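Below is one structure; the comments refer to it alone.
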Protein chains: 2
Amino acid sequence: MKKKINIKTLAAELNLSVATISKAFKDSHEISKATKERVLAMASTLNYTPNPYASSLRKRKSNTIAVILPEVADNFFSLAINGIQAVAEKKGYHVLIYLSHEKFDIEKTIVDDCNSGRVDGVLISITKETKTAEHIQKLQDENIPVVFFDREFEGFKTARVVTNDYECGYLAAKHLIEKGCKKPAFFSISSSLPICIKRADGFKAGLIESGLYSHKKDPIVYFTDFNQEETFNQIKKLVTGKDRPDGVVASVEKLAVILYLVCHEKNIKIPEEIKVIAFSTVDTAPIFNPSLSTITQSAFEIGKAASEILFKGIEKKNYDITNEYVVIPSTFFERKSSQQTSASKEKKIK
Amino acid sequence: MKKKINIKTLAAELNLSVATISKAFKDSHEISKATKERVLAMASTLNYTPNPYASSLRKRKSNTIAVILPEVADNFFSLAINGIQAVAEKKGYHVLIYLSHEKFDIEKTIVDDCNSGRVDGVLISITKETKTAEHIQKLQDENIPVVFFDREFEGFKTARVVTNDYECGYLAAKHLIEKGCKKPAFFSISSSLPICIKRADGFKAGLIESGLYSHKKDPIVYFTDFNQEETFNQIKKLVTGKDRPDGVVASVEKLAVILYLVCHEKNIKIPEEIKVIAFSTVDTAPIFNPSLSTITQSAFEIGKAASEILFKGIEKKNYDITNEYVVIPSTFFERKSSQQTSASKEKKIK
DNA sequence: TTTATTTACGAAACCGTTTTCGGCATTGTT
DNA sequence: AACAATGCCGAAAACGGTTTCGTAAATAAA
């Protein structure tokens with residue numbers, strides 16, 4: 001067990017004070033060029049690396065940010081992490097990843113921990129269960145900048161980076177209707193998540209505008225449990241039952257995939273019998289059977305933008321980021337799953 | 001700007017010494033039950049959270065691990081992160097994520113930084129460029145446990161968690177041949193990454209065993225640049241040229257996806273004209289057009305196993321993990337993309 | 001009653017940096 | 001020659017916990 005070398009041993013080795021070493025490392029003007037070189041040289045031969053925790057303690061600065069996600073199963077968050085990492089790396093920051101697993105309790109525990117000086121800022125996408133922002137307020141109270149990305153908490157004043165969910169929901173509805181759908185449905189995973197509400201509201205607005213909205217039959221279908229099999233059966237029932245939808249907008253990728261599986265099993269033709277559009281960042285959509293029309297969020301850009309705002313808040317200490325509100329529009333990729341078919345064409349002509 | 005409360009203010013508030021507070025928090029037997037309760041109560045009303053860096057500095061323990069990945073674009077690493085996080089969370093550890101972007105220089109910088117006491121252990125999947133393990137050796141020298149997962153560095157003594165690459169490559173080759181392929185090819189992304197070499201070697205062994213291996217025409221095709229378009233053209237050329245393969249094993253998901261795109265564009269029928277098997281963890285493989293046969297790594301389990309070994313190394317200080325070698329077998333999902341077709345059947349019969 | 005033991009707590013050193021402040025040369029200014 | 005300015009460096013006090021060691025009081029053992 002060889003002795004850990006620190007700034008003191010370096011100082012002793014060079015017959016300098018620790019203060020000098022420390023200053024030499026940050027290229028202070030107080031230190032002569034010659035001395036700096038000596039220090040650097042010795043540091044490299046001794047394999048010295050400054051202890052980040054001592055430094056953080058003294059400077060009250062961690063050079064670390066936290067990213068709190070509901071889960072990383074989805075491709076969206078993978079891409080977002082890339083975007084975040086890209087700018088963190090450039091700034092010389094470290095990034096801690098936390099998973100809340102869609103549980104509010106876990107989210108709260110994580111957020112509270114972030115309040116300890118461990119991080120200089122936090123990026124968060126809230127869980128489906130999150131109904132209050134008190135825990136996040138506490139972060140703000142301690143002057144730790146927070147920015148929501150993708151999944152925000154409404155009615156709470158913080159920086160946010162989201163996509164144009166309402167417009168996309170609207171666009172999806174109009175598109176399906178234009179392609180001949182009479183009874184489109186919206187598959188949602190939450191009745192409280194703003195991201196889902198907005199998409200659903202936009203969708204509903206499209207229906208209303210086209211005179212296809214009926215209060216008796218809510219076009220929004222909720223899939224709130226996490227069990228894949230359960231969801232599969234639920235969709236199967238819906239899609240094979242009477243009054244089944246002839247078009248579906250899936251609020252998340254997973255629901256579209258399960259819908260595809262059901263249709264394959266039940267031999268229901270997409271898009272002839274049912275048209276599908278999904279909110280999704282999956283890059284394999286073009287090779288689905290049939291290729292899947294997607295509303296694709298710029299996940300990387302969202303992550304990037306969010307962290308850029310965060311760093312503004314971190315670096316400019318008396319700069320208020322809580323008014324920052326960035327909307328990064330998604331793009332619609334029209335593919336076969338929502339194509340007009342001869343069957344629907346005829347109906348339209350009739 | 002309200003004053004940050006620390007253990008000292010807590011002590012003052014309660015007329016106790018800081019030592020007592022500190023001990024109360026770790027439920028020391030030296031502290032009476034009554035005092036502990038007073039401390040906890042006051043801590044909660046004052047919203048006190050101990051400073052982790054002060055603690056880490058003194059204890060020489062960070063309760064943090066590093067995960068170094070080449071990239072997180074692939075679904076594999078998303079799942080692996082989940083597995084890692086699952087056990088880290090249980091142990092009360094924090095996880096830092098680093099991306100090397102397949103660059104050795106970046107990897108080295110990251111690894112060197114990990115040598116500062118910032119982390120108690122590191123999980124790493126090396127880059128394609130990594131040809132030496134000196135930087136990792138330095139970690140070991142400082143008694144920081146390291147475990148390779150998925151992408152290991154061969155000939156270096158550390159804990160490793162991998163999958164049965166050779167066997168899978170062999171199996172894939174045999175499967176294609178059995179289904180009627182006469183000229184199968186293997187799409188690789190690296191000629192040095194053990195993971196690719198092993199898969200390719202297994203593949204080659206399958207060919208040799210079936211008498212289909214020819215030295216004149218190496219069945220291993222390399223795609224070493226990162227440009228999607230470039231790769232697309234390369235594959236297009238290969239697949240439309242003369243002497244094109246009638247079967248492909250893709251060493252990574254991305255190559256299979258691009259191959260699909262090429263085939264769709266060029267109207268080449270899968271599996272009739274070319275059969276495809278991919279090493280992939282993508283969960284949408286069943287709904288590809290056609291559904292994709294995959295050799296699926298248990299990414300979550302690999303991450304989980306790797307971090308469990310790592311924590312063994314962290315917790316039992318004089319326990320040598322460098323001999324740990326876990327192989328988590330992948331599972332083969334046979335789907336339509338590698339199905340025997342009437343065309344190939346006839347050939348076989350002839 | 002005396003002595004040993006246990007219980008409950010405090011004083012102070014320590015972890016490895018950063019930062020303030022002060023001081024001694026050396027150089028520049030009148 | 002006297003003084004100010006500058007360049008270069010060191011001593012020491014933080015930062016906020018943890019840990020060792022000591023000790024007074026309370027209890028148990030003799």
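Remember, predicted model here, so these are calculated numbers, not experimental data. Below, chains carry the letters A, B, ... as their sequence lines are ordered, and counting in each starts from 1.
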Return the nearest nucleotide to the side chain of A:Asn6; candidates are C:dA12, C:dT17, C:dC15.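 Ranking C:dA12, C:dT17, C:dC15 by closest atom to the A:Asn6 side chain puts C:dT17 first.
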
DNA chain D: first to last nucleotide in contact with chain B (atom under 4.0 angstrom from a heavy atom), 5' to 3', is D:dG16 to D:dC21

Rounded distance (Å) that lies between atom [atom2] of [N] and atom [atom1] of [X]:
| X | N | atom1 | atom2 | value |
| --- | --- | --- | --- | --- |
| A:Leu57 | C:dT18 | CG | C1' | 10 Å |
| B:Arg38 | C:dC9 | CZ | P | 8 Å |
| B:Arg60 | C:dG16 | CZ | C1' | 9 Å |
| B:Glu37 | C:dA8 | CD | P | 13 Å |
| A:Lys59 | C:dT19 | NZ | P | 6 Å |
| A:Lys61 | C:dT17 | NZ | P | 18 Å |
| A:Ile21 | C:dT19 | CD1 | P | 16 Å |
| A:Asn51 | C:dC14 | CG | C1' | 13 Å |

Audit row: A:Lys91, A:Glu315, salt bridge (Lys or Arg N to Asp or Glu O under 4.0 Å) steps and yes/no: CA-CA 10 Å; A:Lys91 300 275 185 183; A:Glu315 288 170 354; 3.4 Å; yes

Looking for any heavy atom pair under 4.0 Å, which part of the strands does [X] touch: base, sugar-phosphate only, or nothing?
| X | value |
| --- | --- |
| B:Ser22 | base |
| B:Leu16 | sugar-phosphate |
| B:Ser56 | nothing |
| B:Tyr48 | sugar-phosphate |

Measure centre to centre between the rings of B:Phe300 and B:Phe76, then say whether the value is under 6.0 Å. no

Ring centroid separation B:Tyr325 to B:Phe148 under 6.0 Å: no

Without swapping roles, check the side chain of A:Tyr319 against the backbone of A:Lys312 for a donor-acceptor pair under 3.5 Å. no

Ignoring hydrogens and angles, tell me if any N or O in the side chain of B:Thr163 forms a donor-acceptor pair with the backbone of B:Ile328 under 3.5 Å. yes

Please lay out, stage by stage, how A:Glu37 and A:Lys33 fare under the test salt bridge (Lys or Arg N to Asp or Glu O under 4.0 Å). CA-CA 6 Å; A:Glu37 279 164 5; A:Lys33 197 145 170 31; 3.6 Å; yes

Under 3.5 Å, side-chain donor or acceptor atoms of residues 11-21 of chain B against the rest of the protein: list the pairs with distances, not counting sequence neighbours.
from	atom 1	to	atom 2	distance (Å)
B:Ser17	OG	B:Ala19	N	3.4
B:Ser17	OG	B:Thr20	N	3.2
B:Ser17	OG	B:Thr20	OG1	3.0

Restricting both atoms to N or O, compile the protein contacts to nucleotides 22-27 of chain C shorter than 3.5 Å, with distance only.
none

Does atom NZ (A:Lys90) have a neighbourhood of more than 12 heavy atoms from anything else shown, all under 6.0 Å?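 Atom NZ in A:Lys90 is not packed in, count stays at 12 or less.
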
Rounded (10°) bend between the five-pair end axes of the helix from C:dT1-D:dA30 to C:dT30-D:dA1: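 Answer for the end axes of this duplex: 40°.
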
Enumerate donor-acceptor pairs with a distance under 3.5 Å from any side-chain N or O in residues 121-129 of chain B to protein atoms, sequence neighbours excluded.
from	atom 1	to	atom 2	distance (Å)
B:Ser125	OG	B:Phe149	O	2.8
B:Ser125	OG	B:Arg151	N	3.2
B:Thr127	OG1	B:Glu129	N	3.0
B:Thr127	OG1	B:Thr130	N	3.1
B:Thr127	OG1	B:Thr130	OG1	2.8
B:Lys128	NZ	B:Ile189	O	3.4
B:Glu129	OE1	B:Phe104	N	2.9

Can you find an N or O donor on one side and an acceptor on the other, under 3.5 Å apart, linking the side chain of A:Arg58 with the base of C:dT18? yes

Pairwise 5' ranking along DNA chain C for B:Asn15 and A:Pro50, keeping only the more 5' one: B:Asn15

Could you check if a side-chain atom of B:Phe311 sits within less than 4.5 angstrom of a side-chain atom of B:Val87, using non-hydrogen atoms only?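 Yes, side chains in contact.
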
What salt bridge (charged side-chain N to carboxylate O under 4.0 Å, His left out) pairs are there with at least one residue in residues 47-69 of chain B, not counting sequence neighbours?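 Pairs touching residues 47-69 of chain B that pass the test: B:Lys61-B:Asp120.
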
Do the side-chain N and O atoms of A:Glu89 and B:His101 include a donor-acceptor pair separated by under 3.5 angstrom? yes

